[in-house]
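For reference, the structure is listed below as structure tokens.
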4 protein chains.
Amino acid sequence: MPDLLDGGAAPDPDRSALRRCVGDPAEFERTHWGRQPLLRRTGRHDDLLDLAAVDELLSERGLRTPFLRIAKAGSVVPAKSFTGGAGLGAEVSDQIRDDRVLEQLAAGATLIFQGLHRVWPPLQSFCLDLSRELGCAVQANAYLTPAGNQGFATHYDTHDVFVLQVAGVKRWQVHEPVHPDPLERQPWGGRADEVAASATGAPYLDHVLEEGELLYLPRGWLHAAAAVDRTSLHLTLGLRRPTRYSIVEALLGLAAEDPQLRAGLPIGLDLSDPVALAPHLSATVSALQDAVAKADADDVARRLRPGQWTAHRPGPIRPVAQAAFADALTADSRVRPRPGLRLAIGQGRIELDDRTVGYPAECDPAVKALLSGAAVRVGDLPGLDEQSQLVLVRRLLREAVVVPA
Amino acid sequence: MPDLLDGGAAPDPDRSALRRCVGDPAEFERTHWGRQPLLRRTGRHDDLLDLAAVDELLSERGLRTPFLRIAKAGSVVPAKSFTGGAGLGAEVSDQIRDDRVLEQLAAGATLIFQGLHRVWPPLQSFCLDLSRELGCAVQANAYLTPAGNQGFATHYDTHDVFVLQVAGVKRWQVHEPVHPDPLERQPWGGRADEVAASATGAPYLDHVLEEGELLYLPRGWLHAAAAVDRTSLHLTLGLRRPTRYSIVEALLGLAAEDPQLRAGLPIGLDLSDPVALAPHLSATVSALQDAVAKADADDVARRLRPGQWTAHRPGPIRPVAQAAFADALTADSRVRPRPGLRLAIGQGRIELDDRTVGYPAECDPAVKALLSGAAVRVGDLPGLDEQSQLVLVRRLLREAVVVPA
Amino acid sequence: MPDLLDGGAAPDPDRSALRRCVGDPAEFERTHWGRQPLLRRTGRHDDLLDLAAVDELLSERGLRTPFLRIAKAGSVVPAKSFTGGAGLGAEVSDQIRDDRVLEQLAAGATLIFQGLHRVWPPLQSFCLDLSRELGCAVQANAYLTPAGNQGFATHYDTHDVFVLQVAGVKRWQVHEPVHPDPLERQPWGGRADEVAASATGAPYLDHVLEEGELLYLPRGWLHAAAAVDRTSLHLTLGLRRPTRYSIVEALLGLAAEDPQLRAGLPIGLDLSDPVALAPHLSATVSALQDAVAKADADDVARRLRPGQWTAHRPGPIRPVAQAAFADALTADSRVRPRPGLRLAIGQGRIELDDRTVGYPAECDPAVKALLSGAAVRVGDLPGLDEQSQLVLVRRLLREAVVVPA
Amino acid sequence: MPDLLDGGAAPDPDRSALRRCVGDPAEFERTHWGRQPLLRRTGRHDDLLDLAAVDELLSERGLRTPFLRIAKAGSVVPAKSFTGGAGLGAEVSDQIRDDRVLEQLAAGATLIFQGLHRVWPPLQSFCLDLSRELGCAVQANAYLTPAGNQGFATHYDTHDVFVLQVAGVKRWQVHEPVHPDPLERQPWGGRADEVAASATGAPYLDHVLEEGELLYLPRGWLHAAAAVDRTSLHLTLGLRRPTRYSIVEALLGLAAEDPQLRAGLPIGLDLSDPVALAPHLSATVSALQDAVAKADADDVARRLRPGQWTAHRPGPIRPVAQAAFADALTADSRVRPRPGLRLAIGQGRIELDDRTVGYPAECDPAVKALLSGAAVRVGDLPGLDEQSQLVLVRRLLREAVVVPA
């Protein structure tokens, strides 16, 4: 099994994104993680997003749908109501029009920014840190709601969330799950009646969230939020935590390698008939139990790797500067692993999520030194002469495996 | 559990589509079904398709892609090379142009007709019969190949096929599987090297298939076909047989109902690390073994029902004539179940693949009589007065559950 | 200027599609063509379409949207309500589902078949004949309307129509135009108020159209149609007649060749300001008048050619049979021009709407003989030896310029 | 005719974008505008764009195709080679991947940024100013080319350009037009042979453009550019100048109002036959000459208005801040017209490019004061009491006609 690495040094614990959200991580995991909501005063979130940032996104960044959605009176406003082309050289018709958004705001609509971890640098960096600490995908959305707006009816999400109140206030009413730990394929719409019934009972939590406060909700917890007396802006960080069911799915994939489980069935068998099905069901259950009993942790881990490694994109690089740096590389140049890049070092190759980079066996010590986490001077790489040091590092710079230190 | 019905009388055994293909079905199942190829002289297939039918499809039926694909020298010809709009009132650009197809034919291309069970009535009817006898989806394709054309390289399919040589001759070379009983997710491309190596060995079968002959190939058997000295036209009936793996997938669906298998995992757990994964894998395997042991045949059968029931579309109806028939219905009118329609009769409701039709409890005997398989006179339906008989039958005519007898 | 030809003999005047519709063509042109409606008893239209044909199209031909549209209560029914995929090998989701169409019919919807000149052979042939006689594009639609259905409100079309009542009856109310001879860019929606006001006045014609009757309406004439007491089926043949405005557009195209008319304008000129515009308008008008005065009929005709030549598709060919015919060609084989194919013979080349076929100068007499209209024996082609005769004809067969006689 | 206004004060002449590009505008118009190239030293352009800005766009702004295109060895690199989704909440697959762009750069590809006037604020503002001064659409593209890259072959554009060399150097070779003042519909590809032939002659200009230099090329001038010894970054500002042909097109639109020019033609007339066409051509030319002679400047100007008014988008607004400003409006608030917004004030209504805003007649003096160009205090608006002043201004704020001063 190759060595598994997460490029770059671990995030600085003093500047931990997780600690900023939840305080002591160990205490949080023990008491709240996947178990119950947490309400906490964290201090202001303006460094991550504020109202001026929202205006800048709407008017000067060429934002395009679906990175903005708009809802009004409980339904989604068609994108063509607030998008358009921008003429010569910018004809694509999905660009946000600031004046149309203003019109929607004035009419009481709610703005929903999606994927802010892609388009707003402070959140790009914060979500990457959080993702590395939690080991799961993190998505940043923001909701701008006018005063008095009702928002969405009571529902649950199939992923955990951190809610960060950025501006204004918003009232949150939270009820216990009707279906604990729902999978993505088990959305609240399938249990709408149960959810609505629970929502009439006494809430687990009824709180007006203020600027600088954070609310953690595990998947499945019912919630409804409503703006109060002035415009509210909050961030939602969605956490797609892996579950045991991910492991079940990997086991199903392995089962396809077992000829017993691929076998055909008799002519004319009606699978929808329980009586006809029964003997084939028994045989299949036995064979499946045997197959999963034999499953090897290495095999299962390798099947889970793509989901784990692509849960977050690695840290941004600067393509033009990095290409120039590679062109001008000397023995005195210093490089380090690309932050957040997941990889495994095997026999003469680096395995990445989407490709494999091969190298000669004699580079092995140098590659390990390069990817150990710390910045290294090119001329200090072990086992290679200077020419080979430069060739190797230039290659890994161009493959975006290492970055200028 | 409701009664499961397959609308209409069973296909006439003397005109059995399966018998026409394989001779004695019992002998075929024992010796060949999913086991090994069968080569057989069946008599001519012109009633199902012939060269004139191919020309009619190409020039007078408004055929559109992807119902025709064209291949030349081993690669797919872009659809825009042989399609176009037809001006006023027929602007869609995916219509086959007969003159462009001629140009392709003259240049040695192979025509591949897909989904002929949808667009050519004799095959629509034949495939429906075969599908009902086999209990699986049946797809009809046809291949028109110029003389001397090489065709596709040795490969395997993930479904069984009946090959019916309609015109000309074609040479088939068949080798034993390198991966028996492949699933749909295990196409030959993933084992291209193994397949190519096997193809150099002595073939299991090397035969020039002539008009009126049939070849059966179970999934996974390697094959290559090449036109010989004149244009060849053959039909391929693809059979998507259900497998034990379908049952495994239904069990996976049931597993999602088990809270043990939906549970979350610790903060920061790296699923791609076998050591970190191991304890969670053990716990998951145990819980999964318990869960599948408890699986109930009724539950599993119901989960398998959609796949089974939509494997083939029921027989065609005549909408205008049927609407007129419903409007003019009398006690003397005779109706019968729609051939090939799958349904279950429950407590005051008929369950269909895509909806449920409810009816008053007192209609129960009448509904059962209607759906028993034979044609019935409306006035003979038990337990209802004439007015109610008419209302019930009109409703089921409009729902396309019964048809004029 | 090359010789202009319309492939194949002229349609037989005794079987003239135009005569069948309008009686004496000369009298029709004098009195009705583009001037006023015509109402006429023609005899039944069942050979072109009937109710059984409609059922066959809906259930056995794999018809796909947009060749069927459905309207109910004045609005269009979303296609997903009556289409679907058909599983294995026929997954495209735009296929008509006969049972869903029945459901729509039972609920009082109107079926609109579009582009029947593409998918129903008798209409393919009839529309081609009509198109060649009229010199314009002809489109066949059909409307199946349940009893009592209101149909569309009073409106006008921007093309002429022949309405052929196939089954049942329908009441037509016709008013004089509010905007004579509207162009395609001047649809009735832009004058909805005027149209609605006119519709309250006394009609020019108020008639219940019966089976075997035909109504001709020039573009711009207001009309409304309503089903009466039973299901109505009528055909609409839409005629896109060329107009003087087509010539105006060709002149505009020529004007782009005049440097005077391409010249730039001063910095900062506001074209939306009449005062600033005025001097540039004067200069442009003068230059445009000069430019159109010099326009040459040859140049304008060539610019109008693409629209004219692609107004209808030429007659269908039989690609497989024709390819085989070309392979087996002898001096005794007989060929003729492809019916309805427009082309021009120039210096050593045949100009078609979408390409040019070159040939050696010595083939000129043979090419002219081939394209003169009548069937010719290959061995009788003038000026070539037998080998060259075969090469030439084989080429033109494969180019779909000639067909087997 | 309503008063035509361009919202906001005219751009400050001392900070004129046009002057920055060309020096004295009057001299430029006299000598170069649409006539001949201009080469000029302007000083550095880093405030508009630099290499760091390019990296920021590539990695932190969520840029999506087609705002970036990549070319390599003369052909366009398929977008899927350098784009991808970003997982949870940012699934759209057209997002630029910085690591893939680096890979392309390292392989010698050229990056082409399109529509930078939409996504990079300094260029948004600069292009808006330039657009208002020139009275035409302005588009900003940037080209990043590796050392030694050949770039595009000699060609011409159908719009004028300002080329601003931002970093590195690039050699430009310019030849005189083969087709002066080409229209958009007359791209160089249609005259590729003539262009290639001219390109072998002595160039009009052969210059290595350096940082801080600008090159102006009128439409139609042939040019080729090649990187020299290091990475080059240049901005291209494309100017879509209106031409006399815009006026010709407006005249064609007016001609459609003339019944003489909409008239039909005889049955069977073949427009592609010059002899048959000739008499109809004569009649059409006469009628067209008459029609354009009568064209009214007001009518033509109104037809040209949409193109003129949407040539550039008005200045950006801040939707959230502006909505809050409107909510908190007092008599002491100050507002001004939205910069760059084109409008006309008519009888009780403001005409905008995409809608009309009506208001009561008594507001007329206040509306004129508001839109006169300068900032005004709400309480100073003439003819209205304070309540009406607030209502009017709030309305125009929400319509994005005025902005906070």
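What you see is a predicted model; the values in this text were computed from it and never measured. Note on naming: letters A, B, ... go to the chains in the order of the sequence lines (proteins, then strands), and numbering restarts at 1 for each one.
The candidate with the highest count of non-hydrogen atom pairs below 4.5 Å against chain C, out of B:Val138, B:Leu105, B:Leu116, is B:Leu105. With chain B as the partner, the residue from C:Gln104, C:Arg394, C:Gln114, C:Arg100 showing the most heavy-atom pairs under 4.5 Å is C:Arg100. Counting heavy-atom pairs under 4.5 Å between each of C:Pro121, C:Ala52, C:Ala106, C:Ala107 and chain B puts C:Pro121 at the top. Per-residue counts of heavy-atom pairs under 4.5 Å with chain B were compared for C:Leu397, C:Val101, C:Ile317, C:Val119; the largest is that of C:Ile317. The greatest number of non-hydrogen atom pairs below 4.5 Å with chain C, out of B:Arg97, B:Gln322, B:Arg240, B:Glu103, is found for B:Arg97. When each of B:Glu399, B:His117, B:His159, B:Glu56 is checked for heavy-atom pairs under 4.5 Å with chain C, B:His117 comes out on top.
For B:Arg398, the parts lying under 4.5 angstrom from a heavy atom of chain C are both the backbone and the side chain. Residue B:Leu123 does not touch chain C at all, counting heavy-atom pairs closer than 4.5 Å. For C:Glu60, the parts lying under 4.5 angstrom from a heavy atom of chain B are both the backbone and the side chain. Residue contact with chain B, scored on non-hydrogen atoms closer than 4.5 Å, involves the backbone and the side chain of C:Val320 alike. Only the side chain of C:Arg313 comes within less than 4.5 Å of a heavy atom of chain B; its backbone N, CA, C and O stay farther away. Proximity to chain B (any heavy atom under 4.5 Å) is restricted, for C:Thr65, to the backbone atoms N, CA, C and O.
Using a 3.5 Å distance cut-off with no hydrogens or angles, the side chains of B:Arg342 and B:Gln308 do not pair a donor with an acceptor.
Summarising the geometry of B:Ile70 relative to B:Ala109, their closest heavy-atom pair is CG2-CB, 3.6 Å, with the distance given to 0.1 Å.
The neighbour count for B:Lys72 NZ, taken as heavy atoms of other residues, nucleotides or ligands under 6.0 Å away, is above 12. No more than 12 heavy atoms of other residues, nucleotides or ligands sit less than 6.0 Å from atom CZ of B:Arg318. Atom CD of C:Glu91 sits in a crowded spot, with more than 12 heavy atoms from other residues, nucleotides or ligands closer than 6.0 Å.
Using a 4.0 Å cut-off between charged nitrogen and carboxylate oxygen, B:Asp157 and B:Arg219 do not count as a salt-bridge pair. Between C:Asp99 and B:Arg338 there is a salt bridge, with a side-chain nitrogen of the basic residue lying less than 4.0 Å from a carboxylate oxygen of the acidic one. Contact check on B:Asp94 versus B:Arg64 returns a salt bridge, with a Lys/Arg side-chain nitrogen under 4.0 Å from an Asp/Glu carboxylate oxygen.
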